[in-house]
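Atoms within a ligand are numbered from 1 in the order they appear, just like the ligands themselves.
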Amino acid sequence: MPPREARPSDWKWRTIIEPFRVKSVEPIGFTTLREREKLLDRAGYNLFQIPADKILIDLLTDSGTAAMSAKQWGALMRGDESYAGATSFYRFERVVRGLTGYHHVLPVHQGRAAERVLMGIICRPGAVVIANSHFDTTRANVEAAGARALDLPAPEALDSAKPAPFKGDMDLRGLEREIRAIGPKNIPLILMTVTNNSLGGQPASLENLRGVGRIAKRWGIPYFIDAARFAENAYLIKLREKGQGRRSAREIAQEMFRLADGCLMSAKKDAFANIGGFLAFNDGSLLAPARSSLILGEGFPTYGGLAGRDLEAIAQGLEEVTDEHYLSYRIRSIEYLAAGLRRAGVPIVEPPGGHAVYIDAKRFLSRLAPRLYPAQALACELYRVGGVRAVEIGSLMFGKGGKKGFTPAPMELVRLAFPRRVYTQSHVDYLIEVFSALARDRRSIRGLKILRAPAQLPHFTARLALAS
Ligand code: F0G
């Protein structure tokens, strides 16, 4: 494929330059190898149990971990904390309307609250929500409302080595087929997650987003976007999709929203906020039940579970995220890490997506059976050797254990998710150096066994030990 050079048109230099200078700094957690070995042992080889000040580079998630800009910090001071009708809400509403074109805008405390409100209104037992892929909390909220969540990713999304440009696409033929089989009346929603976090942070193409829109309209089914990483998706469209290179990322994002009837947004990603989200749509008939649910679970509709200052930070963040110097730096940094890992002989999900690089531990540690949790073993070794925290997306998170035997997850991945505007190129160079050492010594990496784990969401609290 390789993508066209990711840079704004007037930038002629090859070096990836961080498009900011630093005004305030935070120390990172240096520890010794011996300390990290003790910490791992004490944490039961579970990186969620390690205190953050013992982490050198934290790539656990890109959610809520962004560095806010000076303008966002300034906007916090402007926050109007009035219970009803705060000026901060009207500013927030204006920015969200300007970006998305949706008229009704409801703030929520984070993305999953928007999911809970929407699914609670539109889902009923027997209904099926169809998505390119549901994020875990989206699926859980669909199921909690009694409906079924059906994923229809493009077939190439499941081949981690295949470098297709738009592995976040939906399988349009599958969509037609399922609508006919299930019946449009039983499908309250078609959802496109951009980028597709569950399958490698891969973008959906504008062509595919348009195709979904046409099908949804023809069958009269509401069509929403899970927009957590909309700006990264829009910029990857600009880079990779024919005929889109001359448009601005903001224009492309606006078209993405225009194609759908509404969106769910976690502002903890592409709004550079540490907390927050919103639900936005045009259909007036959703407004009254959505407001009632919001008041019950979040707060009055002009603050929705957030402080006025959070609304200000999100509004400012949404204005900043489509800046192409930022998006170029963002996407090129991920690509730079991917190139370094390839050079070091570390297999990754190709091509790298917008917010993370996913390492294929099944291929990297091919001698470890899934039963030995190779992705968790790699994540722990990454911490032991380099003090870096990543997250396992494999058999610890999605495998099935118990008395009936062990069923592994389909993939054994380690996700290196990058907080926005936080780390620099030297942090990435360090990471590549650590991975080169891991690749050299990969034969010595030992598998893990579970000592105890709860049945629900085992990865957060499970205790493990080195397998003998
Ligand atoms: N949708 C997508 C695509 C997400 O990635 C997330 C969160 C949510 C919805 C839920 O948003 O956390 O604000 O409630 N993803 C985080 C992650 C947790 O680490 O990928 P939230």
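- Note: H104 and F281 have tilted aromatic rings, judged against thresholds of 30 and 60 degrees for the angle between ring planes.
- E412 places a side-chain N or O within 3.5 Å of a backbone atom of S395 that can act as its donor or acceptor partner.
- Counting the atoms of ligand 1 from 1 in the order shown, those under 4.0 Å from a heavy atom of T137 are 10 (C).
- Of the polar atoms of R112, at least one N or O is found under 3.5 Å from an N or O of ligand 1, judged by distance alone.
- For atom 18 (C) of ligand 1, the closest non-hydrogen atom on the protein side is F135 CZ, 3.9 Å.
- The main-chain N or O of V95 is never found under 3.5 Å from a side-chain atom of E319 such that the two would form a donor-acceptor pair.
- If you number the atoms of ligand 1 from 1 as listed, the ones under 4.0 Å from a heavy atom of T193 come out as 3 (C).
- Distance alone, capped at 3.5 Å, is enough to place a donor-acceptor pair between the N208 side chain and the M170 backbone.
- Scanning all protein heavy atoms for the shortest distance to atom 9 (C) of ligand 1 gives E115 OE2, 3.3 Å.
- For residues 377-391, the side-chain hydrogen bond (donor to acceptor under 3.5 Å, both in side chains) pairs, not counting sequence neighbours, are E37-R384, D58-R389, E381-R384.
- Taking the six-membered ring for Trp and thresholds of 30 and 60 degrees, F89 and F92 have ring planes inclined between 30 and 60 degrees apart.
- Any N or O atom pair closer than 3.5 Å counts here, and A228 shares no such pair with ligand 1.
- Aromatic ring pairs are classed by plane angle as parallel below 30°, tilted from 30° to 60° and perpendicular above 60°; the pair Y303 and Y83 is perpendicular.
- For ligand 1, the atoms closer than 4.0 angstrom to any heavy atom of R415 are 17 (C), 19 (O), 20 (O).
- By the criterion of a heavy-atom distance under 4.0 Å, neither the backbone nor the side chain of H355 is placed next to ligand 1.
- Close approach of ligand 1 to T61 is summarised as follows: ligand atoms under 4.0 Å from at least one heavy atom of the residue are 17 (C), 19 (O).
- In this structure, Y329 has its ring center closer than 6.0 angstrom to the ring center of F20.
- Proximity annotation for atom 11 (O) of ligand 1: of K269, K268, Q110, K269 comes nearest, heavy atoms only.
- Ligand-side atoms of ligand 1 in range of S266: 11 (O), 13 (O), 21 (P), range being under 4.0 angstrom from any heavy atom.
- You'll find the ring centres of F272 and Y326 inside the 6.0 Å limit.
- Using a 4.0 Å cut-off to heavy atoms of R229, the atoms of ligand 1 that qualify are 3 (C), 4 (C), 5 (O), 20 (O).
- Closest heavy-atom approach to atom 1 (N) of ligand 1 among the candidates N197, V108, D226: D226.
- For ligand 1 and G111, the ligand atoms under 4.0 Å from any heavy atom of the residue are 11 (O), 13 (O), 14 (O), 21 (P).
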